[in-house]
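Remarks on the structure that follows.
The analysis underlying the following values was restricted to heavy atoms, covering all of them including side chains, and did not include hydrogens, waters or symmetry mates.
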Amino acid sequence: MTPHHSRRQFLKAAAAIPALGVSAIQAVAADDPMVLPAPSQTKNAQRTQVLVIGAGASGVPAAIAAARAGAKVVLIEEDPTPGGAPVDMYVAMICGGPVVGLYAEMTAQLDRHFSLNSKPGGAWFMPSAYAQVVSRMIRAEPNLELRCGAPVGNVLLGEGTRNRVRGVTLHHVDGRRETILADVVIDATGAGAVAAMAGAECRYGTEAQSDFHEPLGPQKSSNRVQLCTLMLVSQRLRLDAKIDPARVAGMNCQAENANAVLHWAGTVACHDTRDPRAVAVAQQEALQKIEEDVAYLYENGYVAHIAPKLGVRESRRVVGDHILTVNDLVAPKRPDDTVAVGVYPLDAWGDQHGGFGKATLTYTPGGYGIPFRTLLTAGFENLLVVGKCLSATHLAMSAIRVQCIAAQTGQAAGIAAALAVTKQTNLRSIPVREIQTQLKAAGISF
């Protein structure tokens, strides 16, 4: 068992984390994970079979898939409302493909109840629509319990063949703490936060081309990650209101009647997306950057709904049993342990080696495969990582980070977690074919 560390020690270690970006491309581990003594923390703990942390694009499918497979599930979200990026960052456009599985269920409900009749170029929905549909889907699962407004403060580790995440402690706004223990833990935070707190190896920044012999990439590694964007929805208040589309930044996607427009409004660099102070600085910069556009919208009969959170495209990438690279994306054959399929190009914002519509690579017909090994956290028995912080290089992640692909990785992890608890075995002992069979039954084929 890892020794007990005081909260002061933990905060001191956490404050030093941004400095790790200097040697960004080296795998870095949390050098002082906070692990609480088991007896005092587990006496009144809630126990569940599967614990999913993060109720976003990958976490919600993970929790629902595990619940439908018969596992008892607790889903944790630090925000007051589940939904993730479409809800709190206004990343409300459906990008990439394929739209399958639980993500297809969600978009079908969005189409049925909240369609904006979007013009060609990308369907999108109001953030509130995502919040309602996600909440409905969660409420429909009797095996699934949701906690909101509950950030994870501590991680409890146990010993085994590999390290084991025994559970987490939640810090409530009223000062109370709650401990939840689980057989399998799924990190769907989008930043690998739980894995990092547990001491898992993480990567951050841009690899040099030679690091993984990828066909694209810079000559030197760096701590640079993709740019962040502050999203905005503008909405016409008067029938006679009119604006010049060329006058306002990021008017990429509008409803057919032009009463509502989705904007990629303010794009900025962030010094370190793992550091909340740096994210706050970047958000303030983005808000300042869009002031003129917002004023123009108001002056011309539109209201501007600005996303509560800055859209962060990239943070930690947790090292798994396999690190996905661009070479995997262009391989002529999908891996045997494929559990998700992606159809989306390299889209590394701020990087000359990627960008939407600029990919120079030829992908496997029908999409590339994401192997189950990328979801398994190296050195841990029962910790799965899904979404944009799974095991991948900077460039590979830029292709698989979109919601329809992240949702598949979450759904696969949920099925794997349920199989592990029902079979009372570890994740690596589960035949991947069983995961694939259940995914195919749910509409995800390989």
Separation between [atom1] of [X] and [atom2] of [Y], rounded to the nearest 0.5 Å:
X    : Y    : atom1 : atom2 : answer
I370 : D328 : CD1   : CG    : 10.0 Å
Y103 : Q411 : OH    : CD    : 13.0 Å
L390 : R316 : CG    : CZ    : 15.0 Å
T81  : L146 : OG1   : CG    : 9.5 Å
Q209 : D211 : CD    : CG    : 10.0 Å
I415 : L439 : CD1   : CG    : 4.0 Å

With side chains defined as the heavy atoms from C-beta onward, is the minimum distance between [X] and [Y] less than 4.5 Å?
X    : Y    : result
E105 : I64  : no
D272 : N223 : no
W264 : M93  : yes
F446 : K440 : yes
V194 : V155 : yes
P335 : T338 : yes

* Steps toward side chain to side chain contact (heavy atoms under 4.5 Å, CB included) verdict (I94, V99) -> CA-CA 9 Å; I94 297 174; V99 176; 4.1 Å; yes
* Quickly, which of E178, E77, E78 forms a salt bridge (Lys or Arg N to Asp or Glu O under 4.0 Å) with R147? Name it, please. =>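 Exactly one pass, corresponding to E178.
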For [X] and [Y], which heavy atoms make the closest approach, and how far apart are they?
X    : Y    : result
K388 : G190 : CE-O, 3.4 Å
Q438 : A69  : OE1-CB, 4.2 Å
I76  : A150 : CG2-O, 3.3 Å

* Would you verify whether the NZ or CZ of R274 falls within 45 degrees of the ring axis of Y204 while also being under 6.0 Å from that six-membered ring's centre? =>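 Judged by the rule (NZ or CZ under 6.0 Å from the ring centre, within 45° of its axis), R274 counts as positioned above Y204.
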* Is the count of non-hydrogen atoms from other residues, nucleotides or ligands lying under 6.0 Å from D111 atom CG greater than 12? ->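 Correct, the count exceeds 12.
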* **Residue pair M126, V233: steps toward the side chain to side chain contact (heavy atoms under 4.5 Å, CB included) verdict** => CA-CA 8 Å; M126 287 293 185; V233 174; 3.9 Å; yes
Would you mind telling me which of [options] makes a side-chain contact (heavy atoms from CB on, under 4.5 Å) with [X]?
X    : options                : answer
I53  : D187, L75, V152, V74   : V152
L395 : D347, L329, L324, V326 : V326
R68  : L102, V73, L144, N143  : L102

Verify whether one side chain among [X] and [Y] offers a donor that lies under 3.5 Å from an acceptor in the other.
X    : Y    : result
T229 : R313 : yes
T393 : E214 : yes
W349 : D351 : no

* Just do the side chain to side chain contact (heavy atoms under 4.5 Å, CB included) check on L384 and L376 with the steps written out, would you? => CA-CA 5 Å; L384 292 159; L376 294 165; 3.8 Å; yes
* To do: Please determine which of E314, R317, R224 meets the side chain to side chain donor-acceptor pair (under 3.5 Å) test together with H394.
  =>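 Among the candidates, only E314 passes.
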